[in-house]
Number of protein chains: 2
Amino acid sequence: MSDLEQISLELEARGYRVTPSRRAVIAAILARKNHFAADELAKRCRGAGRATVFRTIRLLSDLGVVCRVLMDDGSPRYLVSRSGHHHHLVCTECGTVQDLDQCAVSGALREIADASGYEIEGHWLELYGRCAACRARTAVLA
Amino acid sequence: MSDLEQISLELEARGYRVTPSRRAVIAAILARKNHFAADELAKRCRGAGRATVFRTIRLLSDLGVVCRVLMDDGSPRYLVSRSGHHHHLVCTECGTVQDLDQCAVSGALREIADASGYEIEGHWLELYGRCAACRARTAVLA
DNA sequence: GCCGAGTTGATACTAGGTCTCAACTGAGAC
DNA sequence: GTCTCAGTTGAGACCTAGTATCAACTCGGC
Ligand SMILES: [Zn+2]
Ligand SMILES: [Zn+2]
Ligand SMILES: [Zn+2]
Ligand SMILES: [Zn+2]
């Protein structure tokens with residue numbers, strides 16, 4: 001079963017219609033090799049208007065099919081999500097985004113909750129750095 | 001020495017002029033008890049235009065005098081910063097922001113760097129939850 | 001075939017900024 | 001004092017990343 005069919009079933013299971021517009025957006029997303037900007041997808045995606053592209057991205061985001069990454073300049077990008085709760089490691093040089101399956105803060109949360117009196121419900125974490133490839137490239141030049 | 005003077009000296013030390021506009025923005029920031037939106041400050045702050053308010057906030061942010069907090073709905077707010085590197089605990093109910101002096105991820109970074117091959121340069125972390133006061137309020141109603 | 005909820009897209013609108021550029025300021029050089 | 005010029009300002013245009021509106025359309029179920 002293709003990813004498109006898989007996601008379509010997921011949508012139907014949740015009571016959403018699988019329309020041609022939604023198919024077009026999902027196909028466009030699956031076609032992107034790396035992360036993409038919503039507006040860029042909207043321009044590239046014939047078969048769905050801008051509003052529908054944004055709506056569909058949000059829908060898929062709520063379903064956990066795509067995830068949002070905040071780049072280091074603050075601009076949002078989207079990515080097909082491969083797992084449940086996870087965070088990202090973003091290369092500040094080439095923009096590569098790597099999924100981190102482990103959550104780096106889950107251990108500390110209990111402690112913070114105790115110390116602060118807060119009941120912690122969620123968190124947002126992004127890590128920025130230079131990927132192995134970019135580091136290697138600079139090392140050669142130096 | 002007042003906070004305003006303190007910050008002014010900081011600016012001068014870095015080669016920036018301490019102008020009436022900047023003083024007005026800084027005073028307006030210091031007058032806010034809690035976090036504020038940049039646009040709201042611009043409206044409230046007679047004595048500096050919108051662009052200058054935004055520029056000054058960015059300047060102070062670069063200097064570490066104010067910090068930016070991403071609320072759980074994604075909207076940015078600013079806060080007078082009291083320490084160096086730190087993160088925030090944001091109450092999703094009343095909006096209270098509490099500084100966390102400890103960095104919850106510093107310990108995990110070495111490990112992640114080793115596993116990923118990235119040289120980690122920075123990170124962004126926000127925690128969301130319900131503060132003690134809001135929890136108490138709900139408990140009474142229940 | 002009809003109904004009504006779900007969906008769509010053009011367009012307007014919003015938040016949160018940045019850019020432009022001519023005018024202004026003010027600290028230091030003379 | 002006054003010249004000078006980099007730093008600063010503000011009005012307004014512009015930009016990105018969306019959301020709101022609303023009339024039109026679609027389609028599964030009866
Ligand atoms: Zn890279
Ligand atoms: Zn996590
Ligand atoms: Zn609270
Ligand atoms: Zn940290």
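Chain letters run A, B, ... following the sequence lines, proteins first, then strands; residues in each count from 1.
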Side-chain donor/acceptor of R17(B) to base of dT25(C), under 3.5 Å: yes

More 5' along DNA chain C: G49(A) or R55(B), using each one's nearest nucleotide? G49(A)

When the distance from CG of L70(B) to P of dG18(D) is rounded to whole Å, what number comes out? 12 Å

Looking at E111(A), I'd like to know if its CD atom is crowded, meaning that more than 12 non-hydrogen atoms belonging to other residues, nucleotides or ligands lie closer than 6.0 Å. no

Taking only the side-chain nitrogens and oxygens of R77(A), find out if one of them lies under 4.0 Å from OP1 or OP2 of dA17(D). yes

Report, as yes or no, whether the 6.0 Å neighbourhood of atom CZ on R135(A) holds more than 12 heavy atoms from other residues, nucleotides or ligands. yes

Are R137(B) and E93(B) ion-paired here, with the side-chain N under 4.0 Å from a carboxylate O? yes

In whole angstrom, what separates F54(B)'s CZ from dC15(D)'s C1'? 13 Å

Find the distance L59(A):CG to dT19(D):C1' and express it as a whole number of Å. 15 Å

Does any donor-acceptor pair link the side chain of R68(B) with the base of dG16(C) at a separation under 3.5 Å? no

Rounding to an integer number of Å, can you tell me how far I57(A) CD1 sits from dT19(D) C1'? 14 Å

Pair R22(A), T52(A): side-chain N/O donor-acceptor within cut-off below 3.5 Å: no

Would you say a side-chain N or O of T52(A) is under 4.0 Å from OP1 or OP2 of dT7(C)? no

Does H123(A) have its ring centroid less than 6.0 Å away from the ring centroid of H87(B)? no

Would you kindly give the CG-to-C1' distance between D39(A) and dT19(D), to the nearest whole Å? 13 Å

OP1 or OP2 of dG17(C) under 4.0 Å from side-chain N/O of Y78(B): yes

Which part of the nucleic acid does A37(A) contact within heavy-atom distance under 4.0 Å: base, sugar-phosphate only, or nothing? nothing

Rounding to an integer number of Å, can you tell me how far I26(B) CD1 sits from dT8(D) C1'? 14 Å

From dG9(C), dG17(C), dG18(D), nucleotide with atom closest to P76(B) side chain: dG17(C)

Give the rounded distance in Å between these two atoms: CG of L60(B) and P of dG17(C). 14 Å

Is R22(B) touching bases, backbone alone, or none of the nucleic acid, heavy atoms closer than 4.0 Å? sugar-phosphate

Can you find a side chain N or O atom of S75(B) that sits less than 4.0 Å from OP1 or OP2 on dA15(C)? no

Y16(B) side chain near dA6(D) phosphate (N/O to OP1/OP2, under 4.0 Å): no

Within the side chain of T92(B), is there an N or O that forms a donor-acceptor pair under 3.5 Å with the backbone of R130(B)? no

On DNA chain C, check which nucleotide each of R50(A) and V53(A) is closest to and give me the residue with the more 5' one. V53(A)

OP1 or OP2 of dT26(D) versus the side-chain N and O atoms of T19(A): is any pair under 4.0 Å? no

CD of E12(B) versus P of dT25(C): gap in Å, rounded? 19 Å

